[in-house]
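Just below is one structure, and these are the notes that go with it.
When reading the values below, keep in mind they use all heavy atoms of this one structure, side chains included, and skip hydrogens, waters and symmetry mates.
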Amino acid sequence: RRRRGDRQHRQPRLRALALQYAISAVLLLPWAIHRRMWRRPIGSIVNVVIVGINILCFPQILIFISEGRLSPIFSLAALATIPVFLAISGRLEISPAVCGFAGILFLTEHELTLSIRQLPWLLFPVSAACVLSWSLADTEKAMREISRAEALFGQCTISALLLFMASQL
């Protein structure tokens, strides 16, 4: 059984990540002001922020949920599927993607043991990999109307807020 204190012990990691994103947003603020980010079409800002949240924030939260119930090796193996997903979508070559995934599985094969009780928790790291893959594939389309600095400013600002809220749960 997990104690409430165990969960609170891990939350500083999400808070630290939120703080890193907040600092990044503050550093990018002058560039966003210089580029007049507020004059960009709201649709393009929203698209970029959604993609960024799916890259910076949601995978972290999904992996955090399974932490303590699943070995970190499973999160590593799930995240190693991202190049395979991108190769399936046509973004990468399939051979290097599969070789990289096979290499991770080879290196972690002795530690990849899973009980039936842990099986539902595997959904969270696999979902994190799917969200990351989808977002990385969608990044090019979302970045057409806005600069990288503006996109990162919006993404870091919203991700910092969401991760701070998640650390309070």
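- In terms of heavy atoms, I63 sits closest to A128 at CG1-CB, 4.0 Å.
- Interatomic distance, L14 CG to E67 CD, rounded to the nearest 0.5 Å: 8.0 Å.
- Judged by distance alone, with hydrogens and angles left aside, the side-chain atoms of S159 form no donor-acceptor pair with the main-chain N or O of C156 at under 3.5 Å.
- Without hydrogens or angle criteria, Q155 side chain to V51 main chain gives no donor-acceptor distance under 3.5 Å.
- For E93, the CD atom is loosely surrounded, since the number of other residues' heavy atoms within 6.0 Å does not exceed 12.
- In this structure, S66 and W121 approach most closely via the heavy-atom pair CB-O, 3.6 Å.
- Taking 4.5 Å as the limit, every side-chain heavy atom of V49 sits out of range of all side-chain heavy atoms of T157.
- How far CG of N54 is from OG of S133: 11.5 Å, rounded to the nearest 0.5 Å.
- F124 and I73 fall within the same hydrophobic cluster, where Ile, Leu, Val, Met, Phe, Trp and Tyr residues are linked whenever their side-chain heavy atoms come under 4.5 Å apart, directly or through other members.
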Let me see the working for L17 and L56 under side-chain contact (heavy atoms from CB on, under 4.5 Å), right down to the final yes or no. CA-CA 10 Å; L17 194 56; L56 300 175; over 6 Å; no
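- For A77 against I104, the heavy-atom pair with the smallest separation is CA-CG2, 4.2 Å.
- Hydrophobic clustering (side-chain heavy atoms under 4.5 Å, transitive across Ile, Leu, Val, Met, Phe, Trp, Tyr) keeps L152 apart from V26.
- One hydrophobic cluster, built from ILVMFWY side chains closer than 4.5 Å, holds both L105 and L119.
- I158 has its side chain out of reach of Y21: every pair of non-hydrogen atoms, C-beta onward, lies at least 4.5 Å apart.
- A donor-acceptor distance shorter than 3.5 angstrom exists from the side chain of R91 to the backbone of A137, with no hydrogens or angles considered.
- To the nearest 0.5 Å, atoms CG (L163) and CD (Q168) are separated by 11.5 Å.
- Among residue pairs with one or both ends in residues 47-62, none qualify as salt bridge (charged side-chain N to carboxylate O under 4.0 Å, His left out); sequence neighbours excluded.
- Contact check for L70 versus S75: no side-chain heavy atoms found under the 4.5 Å cut-off.
- Under the 4.5 Å side-chain heavy-atom criterion for ILVMFWY residues, a single connected hydrophobic cluster contains both V84 and I55.
- For the atom pair CG of L122 and CZ of F74, the computed distance is 6.5 Å after rounding to the nearest 0.5 Å.
- With S135 contributing its side chain and L132 its backbone, the two residues share no donor-acceptor pair below 3.5 Å.
- Pairing each heavy atom of E150 with each of W31, the nearest pair is N-CD1, 4.2 Å.
- Considering CG of L27 and CZ of F153, their distance stands at 11.0 Å, rounded to 0.5 Å.
- Nearest approach of A97 to A87, heavy atoms of both residues: CB-CB, 3.9 Å.
- Each of I61 and L161 belongs to its own hydrophobic cluster when Ile, Leu, Val, Met, Phe, Trp and Tyr are linked at side-chain heavy-atom distances under 4.5 angstrom.
- Annotation: side chain of V126 is not in contact with side chain of L123 (no heavy-atom distance under 4.5 Å).
- The CD1 atom of I50 lies 12.5 Å from the SG atom of C57; values are rounded to the nearest 0.5 Å.
- Put simply, the side chain of P83 does not reach to within 4.5 Å of the side chain of F101, judged on heavy atoms.
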